[in-house]
Number of protein chains: 2
Amino acid sequence: MTVAINNINIKSLEAFRAIIQTGSATAAGKQLGLTQPGISRLLALLEEHVGFQLFYREKGRLIPSDEALALVKEVELTLNSVERISLLAKNIAQSNLGLLKIVAPNSFIAGPLAEAVASFLQEHPQVNVSLDTHSPERAREIVARRSANCGFIQLPENHPGLICESIITSGTVCAISRQHRLAKNKKITPKDLDNEDLILLGKGRYSRQQIESIFRKKNISMQVKVETHTVAIACTFAKMNVGIAIVNELLAKQYEAKGLVLVPFSPAIKHEYGFIISAHAPMNRLTQSFYQHCKAYFSSNVSAL
Amino acid sequence: MTVAINNINIKSLEAFRAIIQTGSATAAGKQLGLTQPGISRLLALLEEHVGFQLFYREKGRLIPSDEALALVKEVELTLNSVERISLLAKNIAQSNLGLLKIVAPNSFIAGPLAEAVASFLQEHPQVNVSLDTHSPERAREIVARRSANCGFIQLPENHPGLICESIITSGTVCAISRQHRLAKNKKITPKDLDNEDLILLGKGRYSRQQIESIFRKKNISMQVKVETHTVAIACTFAKMNVGIAIVNELLAKQYEAKGLVLVPFSPAIKHEYGFIISAHAPMNRLTQSFYQHCKAYFSSNVSAL
DNA sequence: ATTGTGGTATTACAAATTGTTATAGGGTGG
DNA sequence: CCACCCTATAACAATTTGTAATACCACAAT
């Protein structure tokens, strides 16, 4: 061990401040939950460190010297600064602070994620969120290189720089106008859709391929009336009875309304979303907290699907 | 002893900063003059205190977490603040800093004190000085109640609220025009001054009473041509051969010039100045330092008088 | 494959620090 | 004079803070 009488001690500083504040070592001890001799020693230590008397002893009392009064302001600033560290640490520990950058498909944000984020923000009022949408390829890159904290993406997913956890699963429904003759069906099969006008989206995507392959297997040709890119638009056209949209139930849910009915598509096609983070580094606490929140949220609120 | 794992430790903070700065615990140890296990433990302590991991351990290396990066700025501010305390303490210890309030008679400031203060300021460049003049009574009050740090005053002095140390003694001289017939005398006695025009000052003051009593004893009447209040004016009139001034040698010294000669007055009358401080509190370090400086200065530079 | 280098964590131990209680002594007011 | 309130100090226990020794991992160069 070294000989250094070197380092300033926070406790000494606290004792010093407390003596100045209360006017006596005994009272300072009470304030700090220490005994008077303890305070006395902390003070002696500090005096040894600064190299001069901080109090002169008159009639057995401690009277602050001019030097002490000059020093105490700086000491108070320092102690406040230390307290700020504690406070900041507490906030970080509770994920009460910071910026959470999320990437997710627009439809996912508009659909299930919106409320999940909203409730998370309610629990962590000082947190800021940035929500961005990119192509799936770009989203993967952004998360892998940690330009965003996390993302939501449709499975399957096997990017080597990503860790992916399945977070929610959804079925497939036909969005269909209430006027349509099939609107009262319990389910709709490809056979039912033979010769029907269809509204499809996501050309080239995995989910679209699944649909196409099912029709191919049953040897039913698809009559695509409208080709679009968003669930919202597909549902809008379906509602206007332009045709029948085959869409992700989870994303379509919010557009179910007076004129629009959602009927399960058979055979079942599963859409699965994953929560992705970079494989290069563990989640930070805020992201972890958000992940836990989403898991809980999606398993309780959307399990009915 | 309490169980509290409570208080933040400055050393932990330093270790933390050093790890972030250098990138490894080993290097941090080198920087702080500690061993790697020491750093490792300080870090573990801090992590326990803040409640979350500051670094994740990857391939045996320490990689700062997002939380650590958020915290380190605040930590640096705090450490800077601690360093400021050390610096301030050092400056205070060396009396390099602060305001020194001095009261002294104008003639004393203009005379011997000016250079003493000037050389003190040269040694303590960051010190500021306030010089004020008051009546002797008021000066005593001001110092006693600590509105000034110290003062210089002519003895005798026995104010109960003051501590007084004799600091310099001076003789009495006749300031006399070179033209005057007595200018070549080795000394001047009251008898020499019989029927001479005199210039006197400080009516009612102790030193004036001493002069008057000497003349009275020798039964020589004084012919006071000019009554004034400052040595400077008395010497000015003497130089113009209006009369002979009987003045404090120490204060008159600086007016000695071509046309003005200072001749010792006999019998000797001593003028003694004291350094006064309040009896209610000890000198602060700056005042002590100044006191030491003055003692040394007056004993070496002015002992020839 | 093996070895050297450079990193971390853990253990066991020594020294210093930090707290305690007990005690002595000064000053003040009833 | 005594009770009371203050401070300083001593003696001691617990905790903290340092060290050296060691084990382990990853990587680069034989």
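Quick note on labels: first sequence line is chain A, next is B, and so on, each numbered from 1.
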**Q** Does the gap between the ring centers of B:F108 and B:F152 come in under 6.0 Å?
**A** yes
**Q** Using atom CD of A:E48 as one end and atom C1' of D:dA8 as the other, report the distance to the nearest whole Å.
**A** 16 Å
**Q** Let me know the distance between NZ of B:K11 and C1' of D:dT15, rounded to the nearest Å.
**A** 13 Å
**Q** Nearest whole Å is fine: how far is D:dC27 C1' from B:E58 CD?
**A** 14 Å
**Q** Nearest to the side chain of B:S40 - C:dT8, D:dC6, C:dG19?
**A** C:dT8
**Q** Is it the case that atom CZ in B:R205 sees more than 12 heavy atoms from other parts of the structure closer than 6.0 Å?
**A** no
**Q** 5'-most contact on DNA chain C: B:K59 or B:R41, nearest heavy atom basis?
**A** B:K59
**Q** Nearest to the side chain of B:P37 - C:dG19, D:dT7, D:dA20?
**A** D:dA20
**Q** Among D:dG18, C:dT8, D:dT7, find the nucleotide with the atom closest to the side chain of B:L62.
**A** C:dT8
**Q** Does a side-chain N-to-carboxylate-O contact under 4.0 Å join B:E83 and B:R17?
**A** yes
**Q** Rounded to whole angstroms, how far apart are CG on A:L54 and P on D:dA8?
**A** 12 Å
**Q** Mind calculating the distance between CD1 (B:I10) and P (C:dT18) to the nearest angstrom?
**A** 11 Å
**Q** From D:dT7, D:dT17, C:dT8, pick the nucleotide closest to the side chain of B:N9?
**A** D:dT17
**Q** Can you check salt bridge (charged side-chain N to carboxylate O under 4.0 Å, His left out) on B:E157 and B:R140, steps first, answer last?
**A** CA-CA 9 Å; B:E157 162 56 50; B:R140 286 183 181 93; 2.2 Å; yes
**Q** Taking the nucleotide of DNA chain C with the nearest heavy atom to each, does B:I19 or A:T35 sit closer to the 5' end?
**A** B:I19
**Q** Whole-Å distance between C:dA16 P and A:L45 CG?
**A** 14 Å
**Q** Side chain of A:T26 only, please: which of D:dC6, C:dT18, C:dT8 is the nearest?
**A** D:dC6
**Q** Would you mind checking if A:E47 and A:R41 are paired as a salt bridge, meaning a charged N to carboxylate O distance below 4.0 Å?
**A** no
**Q** For A:L34 and C:dT21, what is the distance between atoms CG and P respectively, to the nearest whole Å?
**A** 11 Å
**Q** What about A:R61: does its side chain form a donor-acceptor pair under 3.5 Å with the base of C:dG27?
**A** no
**Q** In whole Å, I'd like the distance from the CD atom of A:Q36 to the C1' atom of C:dG26.
**A** 13 Å
